[in-house]
Each structure stands twice: as structure tokens, then as C-alpha cells.
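Working notes, structure below.
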2 protein chains.
Amino acid sequence: MTDRRTQIVDEARALLEEAGPDGLTMRSLAARLGIQAPSLYKHVASKDELEVLLITEALREQGAAMHAAIDGLPRRSARRSTLTTLGAAYRTWAAAHPHLYRLATGGPLPRASLPEGLEAWAAQPLVRAAGSEARARAAWAFAHGMTILELDGRFPPGADLAQAWAAGIAALS
Amino acid sequence: MTDRRTQIVDEARALLEEAGPDGLTMRSLAARLGIQAPSLYKHVASKDELEVLLITEALREQGAAMHAAIDGLPRRSARRSTLTTLGAAYRTWAAAHPHLYRLATGGPLPRASLPEGLEAWAAQPLVRAAGSEARARAAWAFAHGMTILELDGRFPPGADLAQAWAAGIAALS
DNA sequence: GTCTATAGTGGGATAGAC
DNA sequence: GTCTATCCCACTATAGAC
């Protein structure tokens with residue numbers, strides 16, 4: 001017996017992944033749950049609130065994936081192998097949940113509505129691995145750029161992206 | 001006497017920059033021109049066509065800015081100073097036209113509708129400076145990532161972005 | 001080249017009954 | 001907790017007169 005609100009978020013997530021951001025509407029979400037759209041508002045204040053819940057889930061999950069990735073590494077690994085591992089984890093998570101990734105990284109972060117400390121916790125593995133805040137931000141920009149350009153189909157068809165990832169990570173190590 | 005179509009594109013661009021992608025509607029574009037929305041369709045086939053025209057303008061302009069940036073450099077400059085110059089030009093152009101940059105870089109490129117060779121020409125300065133395709137793509141991903149994360153307000157308030165740019169460029173040089 | 005009128009579609013959200 | 005009925009909004013686009 002999961003509670004209704006949780007059920008709504010789960011279904012919203014499934015709908016988002018299937019239909020993309022534009023496909024996530026209160027009407028079709030309700031339809032999936034077998035109810036009418038107005039009924040959703042008894043459980044969720046607005047579509048915005050629903051999106052914040054999805055973003056929160058995304059940060060928690062991707063953060064967990066990043067933490068898990070470095071936990072599996074031997075202590076005192078070379079920076080390069082740590083960054084390679086983190087990069088792979090980042091890319092893998094995004095590829096597995098492209099629309100959720102997009103929702104969570106496009107547009108301003110609703111920091112005020114997020115659980116406190118979540119953003120910093122999710123960023124922590126990369127900050128530690130990079131060696132400085134500036135380098136961590138550069139590495140994040142690289143990873144996000146590669147990811148979003150790939151998701152958006154901006155690279156020329158046939159481009160060797162594994163090589164581009166490797167080149168960026170080697171440079172940033 | 002600029003022709004009507006050109007005038008429409010110019011006004012669309014101004015509207016885009018003022019109101020963002022969601023503010024660019026055929027209705028308000030028409031209103032700015034002092035005509036009714038349906039009249040626009042005598043000059044432009046659809047909103048999609050209009051957007052393709054805007055994207056083309058963006059690629060031409062940013063490409064020109066990048067070409068101009070390296071033209072001003074002494075021959076045989078160090079890779080690092082070339083990349084620094086290109087990075088600054090990239091960031092500057094995007095900051096001056098944030099919504100146009102977003103329109104031109106978000107979502108798939110409508111390659112089939114673009115003037116032939118435009119994409120490659122715009123990318124040329126970076127490809128030459130980076131030394132290989134893989135490094136050029138990594139550098140592009142870094143630059144786009146920095147730019148879009150900054151435009152979207154994703155970096156923590158107060159983050160020193162100049163330092164992050166410098167760190168990334170130093171690494172990629 | 002512009003107009004009016006309008007079609008057609010979709011969205012978020014509320015009120016009030018049950 | 002769900003329903004029906006409905007509001008109000010906005011959009012792209014077409015037809016046909018002037």
C-alpha cells in the first residue's frame with residue numbers, strides 16, 4: 001500500500017520518461033492513474049510541486065550513483081582513474097534516464113524547495129576527485145556539456161563520443 | 001526599405017531576447033509589428049521556419065565572432081592562448097544573446113534546413129585550435145556546459161566562474 | 001499585404017457535489 | 001478521494017474578404 005502521493009510521483013516519472021517533458025501533463029498523468037485530472041490536486045499542490053519532487057528524486061539517485069562509483073574504488077586511486085569512473089557513472093545514469101536528467105538539469109534549480117544539503121551531497125564525489133572547486137566546476141561543465149549535447153543530438157552523426165569523453169577526462173586529470 | 005520577411009526575423013529576434021523562448025509567439029510578434037498574427041503567414045510558412053532562420057543567424061554570428069577572435073591572434077600562438085581567446089569569444093557572444101544562444105543550442109539541430117557548410121564553418125576555429133576532433137568536441141562540451149549552466153543559474157550563487165573557465169581551458173590546452 | 005473570423009488543440013487549475 | 005462541470009488561458013494555423 002504505497003501512499004497515493006508516492007504513486008503519483010512514480011507514475012509521473014514513468015510518463016516523463018516515455019513522453020518527454022511536454023508529454024508530462026496533469027491530464028495524461030491522471031489518465032494513467034485511472035482518475036480525472038482535478039483529483040490530482042488533492043495530493044499535489046501544483047504541477048510545479050510535482051516537478052520539484054521529480055528533481056529531488058533525480059538528484060538523490062544520480063548522487064547515489066556517483067557515491068557508489070567512488071566507494072568501489074581502491075583508496076588512493078589516481079585522479080585520472082577516479083575521474084574516469086565518475087564520468088562513466090554520470091554518463092550512464094543520464095543515458096538511462098534522459099528526460100529526467102533533462103528535467104533536473106535544465107533551467108534554474110529550485111534550491112529553496114529542495115531538501116537541505118542535497119545539492120552539495122550530490123556534488124561531493126566530483127568535488128573531492130577534482131582537487132579544487134574550480135576544477136570540479138570545469139569537470140562538471142564538461143560532463144554536462146557532453147551529456148546534453150549527446151542527448152540533444154548535437155554532435156555530428158557518427159562522432160566518436162567515447163573518444164571525446166576520454167580526451168576531456170585525460171585533460172582534466 | 002528592408003523587406004518584410006527580414007523585418008519579421010529582426011523583430012522575432014528582439015522579442016526572443018526580451019521575452020525568452022516562451023515569449024516568442026506569433027501573436028506577440030505580430031503585435032510588435034502592428035499587424036495581426038495571421039498576416040505573418042504570408043511571409044513565413046510556420047513558426048518552425050522562423051526558428052530555423054533565427055538559428056541560422058545565430059550560427060553565422062557566433063561563427064563570425066569565433067573566426068574574428070583567432071584572426072586577431074599572432075600566427076603560431078600557443079594553443080593555450082588560442083583557446084583562451086576562443087573561450088572568451090564564445091562566452092561573450094552567449095552572454096550578449098542568451099536566449100538566442102539557448103534557441104540555437106538546445107534541442108536537435110535542424111541540419112537539413114540549414115545552409116550547407118554552416119555548421120562546419122562555425123566549428124572550424126575550435127577544431128583547428130584543439131588539435132584533434134576528440135579534443136575539439138571535449139572543448140566544445142566544456143564551453144557549452146559552462147555557458148548553459150551559467151545561463152540556467154545552476155552554479156551556486158557567488159561561484160567564481162572565471163576561475164572555472166580558466167581551469168578548464170588550462171586543462172584542455 | 002492586411003484584415004476578420006474562426007477552427008482546432010491543448011494546457012493548468014478551481015468549485016462544489018457526492 | 002473522486003467526480004463533473006467549467007473557467008480561463010494560450011497557442012498555431014487556415015479561409016476568405018478587401
Side-chain angles (χ1 to χ4, degrees), chain A residues 1-58 99-100 102-104 106-110 112-113, chain B residues 1-58 99-100 102-104 106-110 112-113:
Chain A
M1 285 305 288
T2 58
D3 103 306
R4 200 61 163 142
R5 189 174 155 96
T6 304
Q7 199 183 342
I8 287 172
V9 175
D10 289 350
E11 204 65 38
R13 180 171 172 172
L15 175 56
L16 171 66
E17 284 305 351
E18 284 171 31
D22 291 348
L24 178 57
T25 70
M26 297 304 266
R27 280 160 151 74
S28 57
L29 173 57
R32 284 176 77 106
L33 290 158
I35 61 177
Q36 299 298 315
S39 306
L40 291 170
Y41 293 87
K42 297 289 184 181
H43 306 278
V44 155
S46 66
K47 193 185 179 185
D48 274 359
E49 191 196 36
L50 184 56
E51 288 182 348
V52 168
L53 294 174
L54 288 171
I55 293 171
T56 301
E57 250 193 48
H99 288 304
L100 185 56
R102 221 186 278 275
L103 178 70
L109 241 205
S113 315
Chain B
M1 284 304 288
T2 57
D3 102 309
R4 201 63 164 139
R5 188 174 155 96
T6 305
Q7 199 182 343
I8 287 173
V9 175
D10 289 350
E11 205 65 39
R13 181 171 170 172
L15 175 56
L16 172 65
E17 283 306 351
E18 285 170 30
D22 290 348
L24 177 57
T25 70
M26 298 304 265
R27 278 154 153 61
S28 56
L29 173 56
R32 284 177 77 106
L33 290 158
I35 62 177
Q36 299 299 316
S39 305
L40 291 170
Y41 292 88
K42 297 288 185 180
H43 307 279
V44 154
S46 65
K47 193 185 180 186
D48 273 359
E49 191 197 35
L50 184 56
E51 287 182 348
V52 168
L53 294 173
L54 289 170
I55 292 171
T56 302
E57 249 193 49
H99 288 305
L100 186 55
R102 222 187 278 273
L103 179 69
L109 241 205
S113 315

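At least one side-chain heavy atom of B/Glu57 sits under 4.5 Å from a side-chain heavy atom of B/Asp10. Side chains of A/His43 and A/Asp3 form no contact here, defined as non-hydrogen atoms less than 4.5 Å apart.
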Under 3.5 Å, which N/O atoms of the protein pair with N/O atoms of nucleotides 6-11 of chain C?
| unit_1 | atom_1 | unit_2 | atom_2 | d |
| --- | --- | --- | --- | --- |
| C/dG11 | OP1 | A/Thr25 | OG1 | 3.3 |

Find every protein N or O atom lying less than 3.5 Å from an N or O atom of nucleotides 16-18 of chain C, and list the pairs.
none

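Closest non-hydrogen pair, A/Val52 versus A/Pro110, comes out as CG2-CG, 4.0 Å. The two residues B/Ala104 and B/Ile55 have their closest heavy-atom pair at CA-CG1, 4.1 Å. Shortest non-hydrogen contact noted between B/Val9 and B/Leu54 is O-CD2, 3.9 Å. Between B/Ile35 and B/Ser39 the shortest heavy-atom distance is CD1-CB, 3.9 Å.
In this structure, the helix from C/dG1-D/dC18 to C/dC18-D/dG1 shows an angle of 0° between the axis at its start and the axis at its end, each fitted on 5 base pairs and rounded to 10°.
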Do any side-chain atoms of residues 16-25 of chain B form donor-acceptor pairs under 3.5 angstrom with protein atoms, and if so which ones, sequence neighbours left out?
| unit_1 | atom_1 | unit_2 | atom_2 | d |
| --- | --- | --- | --- | --- |
| B/Glu17 | OE1 | B/His99 | N | 3.2 |
| B/Glu17 | OE2 | B/Leu100 | N | 3.0 |
| B/Glu18 | OE1 | B/Arg32 | NH1 | 3.0 |
| B/Glu18 | OE2 | B/Arg32 | NH2 | 3.3 |
| B/Thr25 | OG1 | B/Ser28 | N | 3.2 |
| B/Thr25 | OG1 | B/Ser28 | OG | 2.9 |

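Between C/dC3 and B/Ser39, a contact under 4.0 Å exists linking OP1 or OP2 to a side-chain N or O.
Protein atom CD of B/Glu49 is 14 Å distant from nucleotide atom C1' of D/dA13, rounded to whole Å. B/Arg5 places its CZ atom 12 Å from the P atom of C/dG1, with the value rounded to the nearest Å. Between the CD1 atom of B/Ile35 and the C1' atom of C/dT4 there is a distance of 14 Å, given to the nearest Å.
Within residues 10-20 of chain B, no residue has a heavy atom under 4.0 Å from DNA chain C.
For residues 39-53 of chain A, the set of pairs meeting the salt bridge (Lys or Arg N to Asp or Glu O under 4.0 Å) definition, not counting sequence neighbours, comprises A/Arg5-A/Glu49.
Put simply, CG on B/Leu40 and CZ on B/Arg27 are 11.5 Å apart, with the number rounded to the nearest 0.5 Å.
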Item to check | Evaluation steps, side chain to side chain contact (heavy atoms under 4.5 Å, CB included), between A/Leu29 and A/Leu50 | outcome: CA-CA 11 Å; A/Leu29 173 57; A/Leu50 184 56; 3.5 Å; yes

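The B/Arg4 side chain lies nearest to C/dT2 when the options are C/dT2, D/dC3, C/dA13.
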